[in-house]
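The basis for the numbers below is simple: all heavy atoms, side chains too, and nothing from hydrogens, waters or symmetry mates.
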Amino acid sequence: MPSPSATRGEAVRRRLVAAAVELIPERGWTAVSTRVLAERADVTPSVVHYHFSSVQAVLVEAVLGAMRAVSAELGPVLAAASTAEEVVDAMVAAVEQYTGTDPMSLLFVEGYLASTRDTTLRAGIAAVLADLRGVLGDRLRQFGVVDPDGTAVVLGAAIDGLLMHRAVAPDTTPAGVAGVLRRIV
């Protein structure tokens, strides 16, 4: 059983990560400072560096945690599909809630951009994507899709790209490209 001090410390870490999840889409990755993060989490700036080696470390944990959570939500959705086409439809339906300008979309875009300069974040995102592609590839394999792993890569990249395009071209809808994606499988 953890000590009361350890329990409080974990609660502070969770508040810092939650604050980062809010701040990254609001301000952008590079505008999240120790002071801003501490204010949002209602702690002193020194507490940020007590729990994390840097603000960057908090931001990385925040983005990877959010990506893992969204990816985990897809598992049961994909498991419910009874054809390869339904797998595509499930993925398309899962992204309908994201507009490209909503906080979660912006968090992902900021994370992808930051990963070009941060090897830890890049490796973490690559691991999340590999896990998702594995689940997706396994499901497509069950339906006899030719090259299920390659198809999973293309399908995942198409969904990510669609979300990014929606930020600048809101008339681009997932349902509008579902037929094209179904033909890929």
(request) Please determine if E22 and R27 form a salt bridge, counting it only when a charged side-chain N lies under 4.0 Å from a carboxylate O. (result) no
(message) Looking at R15 and D42, is there a salt bridge between them, counting it only when a charged N and a carboxylate O are closer than 4.0 Å?
(response) no
For the [atom1] atom of [X] and the [atom2] atom of [Y], what is their distance to the nearest 0.5 Å?
X	Y	atom1	atom2	answer
D171	R166	CG	CZ	10.0 Å
T30	Q56	OG1	CD	10.0 Å
M91	D89	CE	CG	11.5 Å
R141	D147	CZ	CG	9.0 Å
T83	R182	OG1	CZ	9.0 Å

Looking at [X] and [Y], what are the two nearest heavy atoms and their distance?
X	Y	value
D160	Y112	OD2-OH, 2.6 Å
G100	L106	O-CD2, 3.8 Å
L64	G124	CD2-C, 3.4 Å
Y98	S105	CB-OG, 3.4 Å
L140	A84	CD2-CB, 4.3 Å
L37	A19	CD1-CB, 3.8 Å

With the side chain counted from C-beta on, respond yes when [X] and [Y] share a heavy-atom pair under 4.5 Å apart, and no when they do not.
X	Y	value
I24	L59	yes
F108	V70	yes
I159	L181	yes
V135	L74	no
H51	L16	yes

Same apolar cluster (I L V M F W Y, side chains within < 4.5 Å links), [X]/[Y]:
X	Y	result
V154	L78	yes
V58	Y50	no
M164	L162	yes
V153	L129	no
V36	V55	yes

(request) In sequence, state the C-alpha distance, the side-chain angles, and the governing distance for F52 and V47, and then conclude on side-chain contact (heavy atoms from CB on, under 4.5 Å). (result) CA-CA 8 Å; F52 291 91; V47 170; over 6 Å; no
(message) Please check: side-chain N/O of R139 versus main-chain N/O of A79, any donor-acceptor pairing under 3.5 Å?
(response) yes
(request) Output yes when a side-chain donor or acceptor of R122 lies under 3.5 Å from a complementary backbone atom of T116, and no otherwise. (result) yes
(request) Under the salt bridge (charged side-chain N to carboxylate O under 4.0 Å, His left out) rule, collect the residues that match up with E61, sequence neighbours excluded. (result) R13
(message) Just to verify, what does D131 make a salt bridge (charged side-chain N to carboxylate O under 4.0 Å, His left out) with, not counting sequence neighbours?
(response) none
(message) Applying side-chain contact (heavy atoms from CB on, under 4.5 Å) to M67 and I125, what does each step give before you reach the verdict?
(response) CA-CA 8 Å; M67 287 183 167; I125 291 174; 3.6 Å; yes
(message) Side chains of T34 and H49: any donor to acceptor distance under 3.5 Å?
(response) yes
(message) Under 3.5 Å, is there a donor on one side chain and an acceptor on the other for D118 and S115?
(response) no
(request) Check the pair E26 / R40 against salt bridge (charged side-chain N to carboxylate O under 4.0 Å, His left out), numbers first and verdict last. (result) CA-CA 12 Å; E26 286 175 21; R40 182 64 62 95; 2.8 Å; yes
